[in-house]
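All figures in this text were calculated on a predicted structure; none of them were measured in a lab. Order of appearance sets the numbers: ligands from 1, and atoms from 1 within every ligand.
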Amino acid sequence: TVRLLTPQDLAGETFLITAGPTREELDPVRYLSNYSSGKMGYAIALAACRRGARVILVSGPTALTPPAGVLCRNVTSAEQMKQAVLEALPQSTVVVKAAAVADYRPVERAVQKIKKGKPEQVEMALVKNPDILAAVAQAKTEQLVIGFAAETHDLESHALAKLKSKNLDLIVANDVSCPQAGFDVDTNLVRLFYRDGTSEQWPLMSKLEVADRLLGCVERLRSRESS
Ligand code: CTP
Ligand code: CA
């Protein structure tokens with residue numbers, strides 16, 4: 001019924017959306033992760049689906065239920081997320097990377113539970129995870145690519161650097177030091193930076209409103225491309 005009342009302006013598009021955190025295992029009972037809830041990515045998936053797009057959602061572990069009609073691929077680690085994204089990339093027209101990928105993972109995953117030893121202080125060796133967006137930038141053909149940036153300081157310069165280095169069409173920067181824009185809340189305060197150098201500050205709104213407005217931006221970018 002919702003679909004009947006919503007303009008199907010994204011019909012014909014296939015959205016590849018990533019959401020949630022990744023988990024990097026240390027041993028069978030422990031992992032390294034972050035506070036991402038997946039709410040922003042799931043909101044975009046729901047909004048895109050309502051507007052007629054086909055949606056492939058690659059999701060890290062979250063407490064959320066995938067919206068009906070969305071094809072959901074569940075993954076745990078960054079490495080698995082990268083595989084799932086690269087596999088779905090050729091059939092997608094728009095990529096939205098809302099996931100909070102763990103930047104590092106333990107060098108080794110112990111097969112058995114690591115036992116506490118005598119030392120009061122221990123160190124853990126970590127290795128960098130692949131940058132999934134950078135891999136997408138390399139493998140992409142015609143897709144529109146939208147990234148997110150979670151920042152606590154110097155939002156503009158960091159977001160612009162990511163826009164460029166990850167070869168994005170658009171980056172959505174959120175100041176996660178702000179309580180209404182951080183992880184696990186239902187609202188977001190974002191600033192958008194486009195490839196052409198323009199930017200927009202949006203007022204505080206629900207993640208679902210951010211999702212809908214963002215899809216409007218995607219639609220405009222797509223129609224500009226085809227004209
Ligand atoms: N990202 C990714 N793969 C990674 C790390 C990040 O695809 N290994 C993507 C995120 O999904 C997001 C964007 O890159 O869309 C920015 O993520 P962010 O963590 O803000 O940037 P980083 O490049 O990881 O830089 P830093 O964490 O140092 O700020
Ligand atoms: Ca990061």
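One N or O on the side chain of Asp27 and one on the backbone of Ile114 form a donor-acceptor pair closer than 3.5 Å. Gln8 places a side-chain N or O within 3.5 Å of a backbone atom of Arg50 that can act as its donor or acceptor partner. The main-chain N or O of Asp212 is found under 3.5 Å from a side-chain atom of Arg51 such that the two form a donor-acceptor pair.
Val145 and Leu215 sit in two unconnected hydrophobic clusters of ILVMFWY residues. Membership requires side-chain heavy atoms under 4.5 Å apart, directly or through other members. Hydrophobic clustering, with ILVMFWY side chains joined whenever heavy atoms are under 4.5 angstrom apart, keeps Leu168 apart from Ile44.
Around CD of Glu200, the count of heavy atoms belonging to other residues, nucleotides or ligands within 6.0 Å exceeds 12.
Listed by chain and number, Lys97, Ala99, Val101, Asp103, Pro130, Asp131, Ile132, Leu133, Gly147, Phe148, Ala149, Ala150, Lys162, Lys166 each place a non-hydrogen atom less than 4.0 angstrom from ligand 1.
For Leu155, the side chain to side chain contact (heavy atoms under 4.5 Å, CB included) criterion is met by Glu151, Ala173, Asp175, Arg191, Phe193, not counting sequence neighbours.
Of the listed residues (Lys39, Gln180, Lys207), just one forms a side-chain hydrogen bond (donor to acceptor under 3.5 Å, both in side chains) with Asp186, and that residue is Lys39.
Applying the salt bridge (Lys or Arg N to Asp or Glu O under 4.0 Å) test to every pair with at least one member in residues 116-128, sequence neighbours left out, gives no pairs at all.
Of all protein N/O/S atoms, those under 3.0 Å from the Ca ion (ligand 2) are Asp103 OD1, Asp103 OD2, and waters are not counted.
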